[in-house]
2 protein chains.
Amino acid sequence: MIDRKEKILQTALRLFANHGYNGVSTNKIASEAEVSEGLIFRHYKNKQGLLDAILQQAFEKAAILYADIITEQDPKQVLWKSITLPFRGDPKEYDFWRLQFKLKWELEISGKEKMQPMTDKLTWAFTQLGYQEPEKEAQILQHIIESVSGGILKDGMASQEALKDFLLEKYRVN
Amino acid sequence: MIDRKEKILQTALRLFANHGYNGVSTNKIASEAEVSEGLIFRHYKNKQGLLDAILQQAFEKAAILYADIITEQDPKQVLWKSITLPFRGDPKEYDFWRLQFKLKWELEISGKEKMQPMTDKLTWAFTQLGYQEPEKEAQILQHIIESVSGGILKDGMASQEALKDFLLEKYRVN
DNA sequence: GTCTATATTCGGATAGAC
DNA sequence: GTCTATCCGAATATAGAC
């Protein structure tokens with residue numbers, strides 16, 4: 001890696017994702033990234049600006065992932081893709097997801113609005129499949145997916161793996 | 001409130017619950033509690049010790065809540081009590097629950113071990129009720145309860161209220 | 001673009017008086 | 001038990017040289 005600005009970003013992502021925003025000093029970021037501390041403030045307005053840049057990237061990555069589901073036309077496939085989503089995560093991008101969960105609670109950054117299209121799509125899918133209460137089914141499934149994702153991030157994929165097939169069966173999309 | 005030691009605890013709980021452990025300084029705690037900063041360190045070994053005292057209380061409160069479910073002998077009642085748990089929370093104690101969620105991610109304090117008896121009890125209940133895969137049903141329901149609880153803490157009870165009856169019906173315990 | 005040095009404020013913690 | 005004063009290191013941020 002030669003681009004030091006990018007290296008700062010990567011390093012900060014890793015550290016923020018593992019120790020939270022307030023838990024990581026710019027000094028720590030600089031030493032881990034093997035750059036001077038001053039350089040951070042040349043490339044980013046301040047510590048918050050560095051976080052903003054990371055979140056910007058994170059939201060873009062999330063949007064790509066969700067787009068695949070939102071554009072899906074087969075309702076069963078919508079459910080299948082949603083349920084398997086947490087299990088298909090690229091370990092390389094774990095830090096992005098971990099950061100979302102961490103900041104949701106640490107700094108009350110919810111990213112809830114970004115989820116609305118997903119909720120709508122799930123509601124649509126359950127409607128197509130003839131469920132009685134599609135909105136609530138969608139809400140429940142999202143709760144499950146959120147919590148399963150959290151479980152994977154905290155305790156590893158193995159801790160949740162068994163649930164994947166169980167859920168696919170439960171929703172009859174396996 | 002006259003007991004200043006207690007007032008420090010209450011204030012710290014409120015601030016930690018809303019801004020996280022690393023997001024709150026002892027200076028802030030002291031000024032909000034209207035005591036001198038030094039007094040904090042008279043009553044508690046250090047900042048961490050203050051947090052420990054709060055968590056101690058929180059775990060005790062949680063234990064009481066869970067005990068009601070764990071000692072329940074009717075499997076249907078176990079499910080009913082578990083599902084309605086997040087909706088029966090005393091708003092006065094929201095800070096305790098909010099703190100759990102915050103610290104779970106900020107400091108990776110999971111309190112998972114404390115939940116094991118709940119998992120076991122739910123598994124038992126599903127077994128009694130003749131479910132095919134009681135362990136997985138228990139895991140899923142706990143995921144739902146966890147995420148619903150989080151939703152209540154973040155967006156208020158109204159955001160989740162509709163799910164209560166829906167879940168009770170889904171599990172046929174209404 | 002990058003580093004070194006430095007300014008400045010903040011945070012946790014202690015000492016000593018009352 | 002409580003407060004005031006204070007220490008010291010850490011954290012964010014800037015200035016200036018290369």
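Convention: sequence-line order gives letters A, B, ...; per-chain numbering from 1.
Whole-Å rounding puts the B:Leu39 CG to C:dG12 C1' distance at 15 Å. Per the geometry, CD1 belonging to B:Ile29 stands 15 Å off P belonging to D:dC3, to the nearest Å. Rounded to an integer number of Å, the gap from CG of B:Asn27 to P of D:dT4 is 13 Å. The interatomic distance linking B:Leu51 (CG) with C:dG11 (P) rounds to 17 Å, in whole Å. Atom pair A:Ile40:CD1 and C:dG1:C1' shows a separation of 15 Å (rounding to whole Å applied). Look at NZ on B:Lys45: it is 8 Å from P on C:dT14, rounded to the nearest Å. One can place CD1 of A:Ile8 at 14 Å from P of D:dT12, the figure rounded to the nearest angstrom. With rounding to whole Å, B:Leu15 atom CG is found 12 Å from C:dG12 atom P.
Look at A:Arg42 and you won't find any side-chain N or O under 4.0 angstrom from OP1 or OP2 of C:dC3.
In this structure, of D:dT12, D:dC3, C:dC3, it is D:dT12 that holds the atom nearest to the side chain of A:Phe41. Residue B:Lys47 has its side chain nearest to C:dG12 when only C:dT2, C:dC3, C:dG12 are considered.
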Test log, rule side-chain contact (heavy atoms from CB on, under 4.5 Å), inputs A:Tyr21 and B:Asn22: CA-CA 9 Å; A:Tyr21 177 73; B:Asn22 287 314; over 6 Å; no

Residue pair A:Val78, A:Gln128: steps toward the side-chain contact (heavy atoms from CB on, under 4.5 Å) verdict: CA-CA 11 Å; A:Val78 170; A:Gln128 295 296 308; over 6 Å; no

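The residue among B:Glu34 and A:Glu37 whose nearest nucleotide of DNA chain D lies closer to the 5′ end is B:Glu34.
At the heavy-atom level, A:Ser36 lies under 4.0 Å from base atoms of the strands shown. Among the protein residues, A:Ser25 comes within range of the sugar-phosphate backbone only, with heavy atoms under 4.0 Å from sugar or phosphate atoms but none that close to a base.
Ring orientation note: the planes of B:Trp105 and A:Phe101 are tilted relative to one another, at an angle of 30° to 60°.
Within the structure, the salt bridge (charged side-chain N to carboxylate O under 4.0 Å, His left out) test picks out the following pairs touching residues 14-24 of chain A (sequence neighbours left out): A:Arg14-A:Glu32.
Looking only at distances, a side-chain donor or acceptor of B:Ser25 sits under 3.5 Å from a matching main-chain atom of B:Lys28.
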